[in-house]
Every structure is written in C-alpha cells, then in structure tokens.
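Here is the structure we will look at, set down as structure tokens.
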Amino acid sequence: MNIASKMIVVLSLMGLLSGGALAGVYKATFEKIKQNQLEELKRAIFIVLTKAKDYKKIEKDGIVVYEGLDENKMPAGLAFKAKGMGFQGEIGMMVGLDSELKKIKGLFVLDQLETPGLGAKITTEDFRGQFKELSVEPKIVYVKNVKPSKPNEIQAITAATISSKAVVNILNRDIKKVEMALKKGD
Amino acid sequence: MEKKKQNLFSIFTNGLWNESPTFKMLLGMCPALAVSNSATNGMAMGLATTFVLIASAFLISTNRKLIPSEVRIAAYIVIIATFVTIADYFLKAFFPVQSKTLGPFVPLIVVNCVILGRAESFSSKNKLIPSLLDALGMGLGFTLALTAIGIIREILGAGSIFDVKLLGDWFEPWIIMLLPAGAFLTLGIMIGIINTFSMKKATVGVDFGDNIGYMEKDKIISTESKFLTSEEIKAAREKKPKAKKPLTKENKTD
C-alpha cells in the first residue's frame, strides 16, 4: 500500500472508531446526565421555595415556571430560571417568588463565571439572603456602601458592583417577563 | 533484569521531579495558571489530564508502527480529543459538582501541550510499558504541580485549603492570588525557587592551547586534547567502511 492510501485508510479508520466510541459513551451517559440535571433543578426549586414539597411545571407563552406545592398540594410560590449576562459570562439563577409575584422568596445561583473572591460572592448566603422577602415593586434597586433602607433595596458586594448590578438587572427583567406571561391569560 | 527495572522506575519518576512538565519543561501552562485557583480545582484538572495522558499513551504506543508519520499529529489529536470528550461526559454523569467547577476547562485539555508533547516525544517512539509509565509519571507530576500551586493560591487568596477554612477571620485574603496576576506570580516564583535549588554545577571548558580543560568552580576536573591521536583517526576510519579510502600505493585496486 503506498503512503497516500495508507494515510487515508489509517485516518478514516481512526475517525470511524473515534466516532463510534463517542456515540457509545454519549448513549451510555445520556440518562445519568439527564437525571443529574433534573435533580439539580429539583434541588434548586426546593431551596428557593422553602415550603414546597413538590412542584408542577407550567409552560405559557414561552415562559417556564415551576409552581411549588406544599404537603397539602396547595400552591407555595413560583420558581423560574433567570438568565443573563454577568461580568465575565452568563449568570443563571433559580428565583422563587410568592404566588402574588410581589416578593422574592429565595434566590439560588446555578451557573456563574464571575471572578472568584469578588463577583463569585453572589453565590454566598450573605448576598443571596438579602433577597428573601424582598419586594419587587416597582423594581429591585441596589445601593453601594450603605445599608439598604427600602423594602426593594439590596446592598451590592464591595468591589463587585458589576456582578451585583447584573443580578439585579436580570431579576428585574425576568420577573417582568414572568408577570406578563402569567397575567396575560387572566 | 535489575538494570531494566531501575530504568523503568526512573522513567516514572522523571515526570515527578527531574522533568516536571510544569516546573522544568514549562508545558501545560494554560491550565496551570487558569485552573489552579484552588487546591481542589488543581487536583481535579491534574487527574483528568492524567487519565487522558495514560489512555492516549496506550493507544499511540501500541499503534506507533501503524500510523504513517505524515499524519501522526492529526492522528494524535483525534485520539486525544476522543478521550477528553469521554472524560468530559464521565465527569458530567458521575461527578456533576466537579464538572460544573472545571466547566469550560475540560475540553481545553485537548490542547494541553503536555499530552501532545509526550505523545510526540515519547509514546510514539517507545514500547507500551515505558510509555505508560512515562504518561503516569508526567500526569502525576502535573497533578502535583497544579495542586501545589492551588494550595498556595487558595491559602493566600481565600484562607482555606481544599475548601476547609484554615486561617481565622484575622486574615485579610489577598484576592489577587485568585486572579490571573496571582497565578503568574505564584508560578513564576515557584519555577525560580525550584530551578535554583536543582541546578547542576556548571562545567566550563577552557582553551589551554593544545588541550581543553574542563573546570568546575576554578578547579580543573579533566583535560582533553583538541586534536585526534593517530589511533583515533584509524578507528574512526574503520567505523565508516563506506567512506572512500584515500588512494595510496598500497590499496590501489585495478
């Protein structure tokens, strides 16, 4: 076999074997990965809606919300995923609202690529805890270097204003979107 | 057999210190800087890289006579990329937390110079067992290096080690150690310190007219003549039978 055909045969064979191996691995791990994602979703919903024991998925006008259900199957708030641009990458959060869409019940950061030690502090309890029972009307506002004085104010993280601002903007925008979608049909 | 065992063992320990990929060969700098911001991250990245190193060394060494040298780089990349993808999916399925933390850096293992470098300079030229040992040694050396850098950066930058808080509240963390600047500083200083202590004494050759003297710290260790003796010339000629012998009266062939 001359060199040219040897090259073609070897590379084609490698491509086939590699493709086959990857297809096999994909298939073998598909279920487990889906399961992991579902568990992460469940965990996040129960973190932001502390009273919920179960949840129901609602899809309306392109918005997906998860209605929390307590042990009596009564509504215990709404959770949804909020996404948007942060300082260094996309920030993904699970937001819990009360059923009237007036107050935030909880906040959990799912994905972020912010600076470790600075913007990444948005995942800490200190920052997220400020959002519990926070009023969303007319919109959430952040203040710098002073303690928040109004029911819709939170304090930005020192030296991480852009990340804090990103979180606030994402929340305001996505809460409005959920409001619009849910109130449309009523 | 003893000598062979010694050789194999030294191939393995080569990557741990003598030819440490991070501190001596300066390979794989990207993950060494980017993923070493905590001890856990450094170790996880090192172990994932070790897996890919060993797996690709196995395939490349066993098939080294079958892969034409013209397409060897393309072939190595296909093998390495396949294993990196397998490692990525394995992490996503069985270690979702680590997968999230390492995130976009796992696919970047494909372009980690340690893997391609060892494939080209060792696995493609050696038998299976030495290649596997070399891969294991290099991988562990890389893991050790990254974990060491990670420990230093995590202690100074967050006061913790492997996510366990070490220093109390009195310590104001040096945030810069978690940022790229801190990575460069840590890596640079470590390379400097390690290489200062393991530098071999320099041997300098000095011209003494007819001889060359080899000196170490002002003491002559050995000398060597600059010119070949006639015995050496004869021996060199005999080694190259194809070289044309100068035509003399004795060896003229008609």
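Note on naming: letters A, B, ... go to the chains in the order of the sequence lines (proteins, then strands), and numbering restarts at 1 for each one.
Heavy atoms closer than 4.5 Å to chain A are found nowhere in B:Leu59, neither backbone nor side chain. Residue A:Gln35: no heavy atom, backbone or side chain, is found under 4.5 Å from chain B. In this structure, chain A has no heavy atom under 4.5 Å from any part of B:Ala158. Proximity to chain A (any heavy atom under 4.5 Å) is shown, for B:Ile86, by both the backbone and the side chain.
When all heavy atoms of B:Val78 and A:Ser18 are compared, the closest pair comes out as CG1-CB, 3.9 Å. Minimum interatomic distance between B:Glu70 and A:Met7 (heavy atoms only, all atoms of both residues): CB-SD, 3.5 Å. Listed here is the closest heavy atom pair of A:Asn36 and B:Ala93: ND2-O, 2.7 Å.
Residue-environment remark: CZ (B:Phe171) exceeds the threshold of 12 foreign heavy atoms within 6.0 Å. Dense packing is recorded around CZ of B:Phe51, with more than 12 heavy atoms of other residues, nucleotides or ligands lying under 6.0 Å away. A 6.0 Å sphere centred on NZ of B:Lys24 holds more than 12 heavy atoms belonging to other residues, nucleotides or ligands. Within a 6.0 Å radius of OH in A:Tyr26, no more than 12 heavy atoms belonging to other residues, nucleotides or ligands are found. Within 6.0 Å of NZ on A:Lys51 lie no more than 12 heavy atoms contributed by other residues, nucleotides or ligands. Applying the 6.0 Å contact sphere to CZ of A:Arg173 captures more than 12 heavy atoms from other residues, nucleotides or ligands. Within 6.0 Å of CD on A:Glu71 lie more than 12 heavy atoms contributed by other residues, nucleotides or ligands. When the shell of 6.0 Å around CG of A:Asn72 is examined, it contains more than 12 heavy atoms from other residues, nucleotides or ligands.
The shortest side-chain heavy-atom distance between B:Asn63 and A:Met14 does not fall under the 4.5 Å cut-off.
Per-residue heavy-atom pair counts under 4.5 Å with chain A were compared for B:Pro68, B:Ala81, B:Pro173, and the maximum is reached by B:Pro68.
Rounded to the nearest 0.5 Å, atoms CZ (B:Phe83) and CG (A:Leu22) are 9.5 Å apart. To the nearest 0.5 Å, the span separating CZ on B:Phe90 from NZ on A:Lys32 amounts to 10.5 Å.
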